[in-house]
Amino acid sequence: MESVNKNYEHIWQTVLAIPVGKVSSYGQIADLAGLPGRARLVGRCMGYAPKEMKVPWYRVLRANGQLAFKAGSSSSLKQTGLLQEEGVAVIKNRVNMNEYRWQPGLDEMLFQLKF
DNA sequence: GCCGTGACGACGG
DNA sequence: TCCGTCGCCACGG
């Protein structure tokens, strides 16, 4: 039915909640969107995000802090640039998650419950 | 409808 | 730390 599109909406909304200068992981977004174990869905979903929605896809990384794209690829370089602009250090295609991981506060969690 | 593919991740080894 | 394996599942061919 329409459940798939619904999931996309939840994922985009969740990514939209990541603050500037912070990052998250595909798995974490999946969990927050109510889709535990569906990290791959989050990744595919990023590419489908409507441009006008301005989803900060570049703030979503792999669980270990690595950028999802191959090091040196144009996509990877673009993502690196966008992150650096926000003050997030990217070293060798990777970010220190302990330092930049977004830890949603209760207020933000409640905001997400709206969907 | 089966099958390979992936912007993933946890768990060994 | 760097692979290989396996679970996951929407998509396109």
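Every chain is numbered from 1, with letters handed out A, B, ... down the list of sequences.
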Nearest whole angstrom, please: distance from the C1' of B:dA10 to the CG of A:N64. 12 Å
Round to the nearest Å and state the distance from A:K6 atom NZ to C:dA10 atom P. 17 Å
Within-4.5 Å side-chain heavy-atom neighbours: A:P19 and A:R59: no
Is the shortest heavy-atom distance from the side chain of A:L32 to the side chain of A:E108 under 4.5 Å? no
Kindly indicate, with the supporting measurements, whether the criterion side chain to side chain donor-acceptor pair (under 3.5 Å) is fulfilled by A:W102 and A:Q28. CA-CA 9 Å; A:W102 170 45; A:Q28 182 182 11; over 6 Å; no
Rounded to the nearest Å, what distance is computed from the CD1 atom of residue A:I11 to the P atom of nucleotide B:dA7? 15 Å
How long is the line joining CG of A:L61 and C1' of B:dG9, in whole Å? 14 Å
Kindly indicate whether the side chain of A:I11, heavy atoms from C-beta on, has any atom under 4.5 Å from the side chain of A:M46. yes
With a 3.5 angstrom cut-off on both distances, give the Watson-Crick or G-U wobble partner of B:dA7, or none if there isn't one. none
Mind checking A:G27 for me? I need base, sugar-phosphate or nothing, with any heavy atom below 4.0 Å counting as a touch. sugar-phosphate
Between atom CZ in A:R38 and atom C1' in C:dC8, what is the gap in whole Å? 7 Å
Nearest whole Å is fine: how far is C:dA10 C1' from A:L35 CG? 13 Å
Measure the CD1-CD distance between A:I18 and A:E86 for me, rounded to the nearest 0.5 Å. 10.0 Å
To the nearest angstrom, the CG-C1' distance between A:N7 and C:dC11 comes to 15 Å
Mind checking if A:S75 touches a base, just sugar-phosphate, or nothing, with heavy atoms under 4.0 Å? nothing
Considering only heavy side-chain atoms of A:R44, the closest of B:dA7, C:dC9, B:dG9 is C:dC9
A:R94 side chain: which of C:dC2, B:dG9, C:dG12 is closest? C:dC2
OP1 or OP2 of C:dC8 sitting under 4.0 Å from any side-chain N/O of A:R40? no
Residue closer to the 5' end of DNA chain C, A:Y48 versus A:G37 (nearest nucleotide): A:G37
Check the distance between B:dT5's P and A:L41's CG and give it to me in whole angstrom. 20 Å
